[in-house]
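One structure is given here, and the rest of the page talks about it.
The figures that follow rest on heavy atoms only: side chains count, while hydrogens, waters and symmetry mates do not. Start at 1 and go down the list; that is how both ligands and their atoms are numbered.
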Amino acid sequence: MKQIYYKSTRGNEKLVKSAEAIARGLSEDGGLFVPTSIPKLNISLEELREMDYKKLAFTIMKEFLTDYDEKDLLESIEKAYDEKFDTPVIAPLVKHGENYFLELYHGPTLAFKDMALSILPYLLKNAVKKLNINKEMVILTATSGDTGKAALEGFANVDGTKIIVFFPQEGVSEIQKRQMLTQSGDNTSVIGIEGNFDDAQNGVKKMLTDDSLIKRLDDNNKMFSSANSINIGRLIPQVVYYFYAYTQLCNKGEIKAGEEINFCVPTGNFGNILAGYYAKKMGLPIKKLICASNENKVLFDFINTGTYDRVRDFVITMSPSMDILISSNLERLLYAISGENTSKIKDLMDKLKKDGKYEIDDNMKGELKDFYGGYASEEDTAKAITAVYKTTNYVIDTHTAVSYAVYKKYLVETKDTTKTVIVSTASPYKFTPDVMKSIDSKYIGLNDFKLIKELSKLTKEDIPVGIKDLETRPILHKTVCEKNEMQIQIEKILNI
Ligand SMILES: *Cc1c(COP(=O)(O)O)cnc(C)c1O
């Protein structure tokens, strides 16, 4: 098999194998690791259709992780996609009315981040072993709400690791906050910051590339890594469910083998949709990747104009996991559509840092044709929840609602009737106030925990185990800091 190497998007030409890219998280030059080529999947659809999630995960992931032992990879997949998920299907594709939803929230923390973060700790453990690293791994994580809990759940009590999560104190849902603050495990730390997700992510990226800090860690036998989607180990497992959605559609007789489909993806940091782009490059018949934004619509503007401009007000919306103005993984797409021109990417990223914006050239704009950018206002989002419930009795969360609303706009605008999968990224149980009030005004004013019970009554389903006793779990993390104090907190936790 052809060995796949990884290199930085910003010009550091050193090639590394996947284990090193995963262990490091971010390249020394601040760039993101990208595969030097996207492997083509040379397996017939007939064969792929027969595979369950784990088999498919192995088939796809081994194409990217060519330096991993197959035995280790198989074992990691077995451990990651086990009974933690509330269905053996792992990522069910369901049809309600005329719409297809890919439910990616059946893992322990009820959001799609579990799809990758349940396996990342194993990938990292194997990487550390392969590279003979005898240091404690310190996993730095910024979260807009869902990554934090999923990373905590994945890394809690994993030997040889510490996991530190920063979240925007005022920018996550009550349930998301409570999920994180009640996390047990001696190696876990959760810190609220007086700032937004971009502040948290910038702080984390800065520390990951701060030479003197890295040196001090090294002196103390520690090393940084990241659980954010800047880590390529987050993206690769996400490619799997695009294929799985496709094979489920085939197996249900909804599409013919080989037929093109669209995916509509609620997007923030551009990690989920980028995995879809990689799936397309591997050979999956995808026509359009519809990028759905909320009112923080930097990506909508970018896809439609070629100018990325983060200089604007940050809006706190009912889909907080997408409240982001700096979409890190877009850098990996820019790399791909610039003909892998790393000096150009470095230039664009420097501009973003300095001026808060950049514009891509016409060639690159032309290469954006695989994407369609749309956005949903808060009103559109609420109406989408109402409409789906009224017509099909199916309850979707606020992020999925953004995706649904954008897909409906896409239909009207393009009249493209290609079958489209609405990627469903969170359980409605995580965002009950906005979900329930869109369904019926009688729920307005009830607290999140009361609403969990009401939602369970409404759907006649049990409350998901992940949040069942959340209200009564003790709060274990109480630290809050200013956004420029993140490093001080790290120094305190690590005793350096
Ligand atoms: C993280 C998240 C998103 C955005 O995904 P990206 O990979 O950051 O684009 C959307 N919805 C939910 C529920 C999320 O947790």
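- Taking any N or O of Ile324, backbone or side chain, none lies under 3.5 Å from an N or O belonging to ligand 1.
- If you look at Tyr242 and Tyr278, their ring centroids are not closer than 6.0 Å.
- The atoms of ligand 1 that sit less than 4.0 Å from any heavy atom of Pro266 are 4 (C), 10 (C).
- Atoms OH and CG, on Tyr389 and Asp440 in that order, are 8.5 Å from each other to the nearest 0.5 Å.
- In summary, the atoms of ligand 1 found under 4.0 Å from a heavy atom of Thr267, numbered by their order in the structure, are 9 (O).
- Classification of Asp301 and Lys297 as a salt-bridged pair holds, one side-chain N sitting under 4.0 Å from a carboxylate O.
- Listed by number with element, the atoms of ligand 1 under 4.0 Å from a non-hydrogen atom of Lys113 are 1 (C), 2 (C), 3 (C), 14 (C), 15 (O).
- Considering each of Phe197, Phe112, Phe431, the one bringing a non-hydrogen atom nearest atom 5 (O) of ligand 1 is Phe112.
- For atom 4 (C) of ligand 1, the nearest protein heavy atom (residue, atom name, distance) is Gly268 N, 3.6 Å.
- Set against the non-hydrogen atoms of Asp146, the atoms of ligand 1 under 4.0 Å away are 12 (C), 13 (C), 14 (C), 15 (O).
- Numbered from 1 in the order shown, with element, the atoms of ligand 1 that lie under 4.0 Å from a heavy atom of Met322 read 10 (C).
- Atoms of ligand 1 lying under 4.0 Å from at least one heavy atom of Ala426, given by number and element, are 13 (C).
- By the 4.0 Å N-to-carboxylate-O rule, Lys365 lies close enough to Glu359 to be salt-bridged with it.
- In terms of protein heavy-atom proximity, atom 7 (O) of ligand 1 is nearest to Asn272 N, 2.8 Å.
- Side chains of His477 and Ile191 form no contact here, defined as non-hydrogen atoms less than 4.5 Å apart.
- At a threshold of 4.0 Å, the pair Lys437-Asp434 counts as salt-bridged, since one of the basic side-chain nitrogens sits closer than that to a carboxylate oxygen.
- Atom 6 (P) of ligand 1 has as its closest protein heavy atom Asn269 N, 3.5 Å.
- At the shortest separation from atom 11 (N) of ligand 1 among protein heavy atoms lies Thr425 OG1, 2.8 Å.
- Ring centroid separation for the pair Tyr81 and Phe85 comes in under the 6.0 Å cut-off.
- Taking every non-hydrogen atom of Gly271 and a distance limit under 4.0 Å, the qualifying atoms of ligand 1 come out as 6 (P), 7 (O), 9 (O).
- Of the heavy atoms in Phe270, only backbone atoms (N, CA, C, O) come closer than 4.0 Å to ligand 1.
- Side-chain rings of Phe314 and Phe197 stay apart, their centers remaining 6.0 Å or farther from each other.
- For NZ of Lys369, the number of neighbouring non-hydrogen atoms (other residues, nucleotides, ligands) closer than 6.0 Å is greater than 12.
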